[in-house]
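Remarks on the structure that follows.
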Amino acid sequence: MLIQEQMDLQEKLAVLSDAAKYDVSCTSSGVDRKGKKGMLGSAVSAGLCHSFAADGRCISLLKILLTNQCIYDCRYCINRRSNDVVRTAFTPDEVCTLTMEFYRRNYIEGLFLSSGILHSPDYTMDLIYQVLRKLRGQCRFNGYIHVKAIPGADPVLVEHVGLLADRMSVNLELPTAEGLKSLAPSKTRGRILAPMRQIQRGIKTQRTEIIPYERGRRFVPAGQSTQMIVGATPENDYQMIKVAEALYRNYDLKRVFYSAFVRVNDDSALPVLPGGPPLLREHRLYQADWLMRFYGFGAEELLSEAQPHFNVLLDPKCDWALRHMELFPVEINRADYDAVLRVPGIGVKSAKRIMAARKSAPLDFGDLKKLGVVLKRALYFITCKGRMMYPVKMDESFIARQLVGEERRKVWDIHTSDSYRQISMFDDGWLMPQPTGEDVRTAVLGQI
């Protein structure tokens, strides 16, 4: 470990902002707060998009670590104790200076503050509290703040921080206790879930009781979130969404974030991924997570022990629909809201618009397009006034090939042509390759 004591603020920022890039569980959405007289800043629930990180993720907050020094030796982490990397730390005053100066320049709208564990969880949590206390009190900063709750820290410190932050998060890191034991032996599921439960109870208590919080602030008003690493341990997609579903149900989380595993350390315990970080898998997990949060899907509807992984070529909603063709087509003018919402190509907003619009007059396909329905996907699963948009063969394999799209159809034909039906030598002419230009020329000239 190479600790640099004599670094200026800009050099520290370069080190500690880069060290924070692997933590994806930050968002500026979830709370609205207008500016107040005598205070600086505000928070906007719709989120902010001012800049992008090098990996393509949108960054609207000053996203930094308080320190990249750490007492733990998690095998997947770039800041692990045994890594020989440059180490430094901000003081609470330096974090406040950066936040205020960046805000005044309109670079940011808020702060995302995480940290390695310096000396102990209590010591680190107290430093975070000092930062927030100065920002809210001395600097009069009224903007958005998202901080980490450190597992193992004194609950009193967690409560004090929760009264000053908008959102808090506790990273679950890996979906199972076995995964933690193998790659992060210093962390346990119990220590991680304890502050998560405390935050949940604090949020619930303020909803039911009148509590004189300091300066009238609410406890973690934007809720809490967590993060799981995808691909570092052998858990399949089904296990991951089952864990996420349990977290939403038991801990009232606002978001579960998924981070594709990046092999930043040369460690024999870490998997070698020839194709690089599993970004498509991460994307499918986010899509499934959206379906569970807003579309009423359960984890066991999307996957199962018999089918534990998401389809590579189809999004989870389309894949589910193809496996449940007995539920389709749905008559748009008569079906209830839940049935309409499960149609591929129909989102929450368009489903609500459909329910409102059809009260005035029966809807046709032209109306649906105006209401925001993606007919390229929906047309295979709906009828309007008892008719489909085009004559469509209600065959899983045929519809699947149309949904996959022209650019991926060859891959689909090669790898998954038998996913939905038994291949027949009489009706699978679509498997034949297209004739080449040379084939056409020789046929025309009679040379074949």
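From a predicted model like this one, the values you see are computed outputs, not experimental measurements.
Remark: Phe294 engages Trp290 in a ring pair (Phe, Tyr, Trp, His ring centres under 6.0 Å) (not counting sequence neighbours). The side chain to side chain donor-acceptor pair (under 3.5 Å) check on Gln287 picks up His283, Arg284, with sequence neighbours excluded. Take Asn265 and apply the side chain to side chain donor-acceptor pair (under 3.5 Å) test, not counting sequence neighbours, and it matches Asn83. Qualifying ring pair (Phe, Tyr, Trp, His ring centres under 6.0 Å) partners for Tyr380, counting only residues two or more places apart in sequence or in other chains: none. For the side chain to side chain donor-acceptor pair (under 3.5 Å) test, residues two or more places apart in sequence or in another chain that qualify with Asn333 are Glu331. Shown here are the ring pair (Phe, Tyr, Trp, His ring centres under 6.0 Å) partners of Phe297, two or more places apart in sequence or in another chain: Trp320.
The distance from the CZ atom of Arg358 to the CZ atom of Arg353 is 16.0 Å, given to the nearest 0.5 Å. Interatomic distance, Ile382 CD1 to Met388 CE, rounded to the nearest 0.5 Å: 8.0 Å. Residue Arg293 holds its CZ atom at 10.0 Å from CG of Leu253, rounded to the nearest 0.5 Å. One finds the NZ atom of Lys187 at 4.0 Å from the SG atom of Cys74 (value rounded to the nearest 0.5 Å). With rounding to the nearest 0.5 Å, the separation of CE in Met228 from CG in Leu172 is 6.5 Å. Note that OG1 of Thr383 is 12.0 Å distant from NZ of Lys385, once rounded to the nearest 0.5 Å.
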Please walk me through it: do Leu111 and Leu62 pass side-chain contact (heavy atoms from CB on, under 4.5 Å)?
CA-CA 5 Å; Leu111 171 68; Leu62 173 59; 4.1 Å; yes
Report the C-alpha distance between Phe261 and Val230 in whole Å, list the side-chain angles of each, state the deciding distance to 0.1 Å, and finish with yes or no for side-chain contact (heavy atoms from CB on, under 4.5 Å).
CA-CA 5 Å; Phe261 169 66; Val230 180; 5.9 Å; no
Applying side-chain contact (heavy atoms from CB on, under 4.5 Å), run through Leu65 and Asn79 and close with a yes or a no.
CA-CA 11 Å; Leu65 296 184; Asn79 301 311; 3.5 Å; yes
Test Lys204 against Phe219 for side-chain contact (heavy atoms from CB on, under 4.5 Å), laying out the working first.
CA-CA 9 Å; Lys204 185 176 181 180; Phe219 183 83; over 6 Å; no
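The local environment of CD in Glu300 is sparse, with at most 12 non-hydrogen atoms from other residues, nucleotides or ligands closer than 6.0 Å.
Across Asp315, Leu285, Asp319, a single residue satisfies side chain to side chain contact (heavy atoms under 4.5 Å, CB included) together with Phe310, and that is Leu285. Of the residues Val15, Leu113, Thr99, the one that meets the side chain to side chain contact (heavy atoms under 4.5 Å, CB included) test with Ile64 is Leu113.
Between the Tyr295 side chain and the Arg342 main chain, no donor and acceptor come within less than 3.5 Å of each other. A donor-acceptor pair under 3.5 Å is formed between the side chain of Arg263 and the backbone N or O of Pro271. A donor-acceptor pair is defined here as one N or O able to donate and one able to accept, closer than 3.5 Å; no such pair exists between the side chain of Ser259 and the backbone of Ile229. The closest donor-acceptor contact from the side chain of Lys317 to the backbone of Ile346 lies under 3.5 Å. Between the side chain of Arg323 and the backbone N or O of Leu302, at least one donor-acceptor pair lies under 3.5 Å. When atom types are taken as modelled, the side chain of Gln200 and the backbone of Asn250 share a donor-acceptor pair closer than 3.5 angstrom. Side-chain atoms of Asp395 come within 3.5 Å of backbone N or O of Ser397 as a donor-acceptor pair.
Look at Glu101 and Arg104 and you find a salt bridge, because one of the NZ, NE, NH1 or NH2 atoms lies within 4.0 Å of a carboxylate O, short of that distance. With respect to Arg136 and Asp166, a salt bridge is recorded, a charged nitrogen being found less than 4.0 Å from a carboxylate O.
For Arg201 and Gln198, the side-chain atoms include no donor-acceptor pair closer than 3.5 Å.
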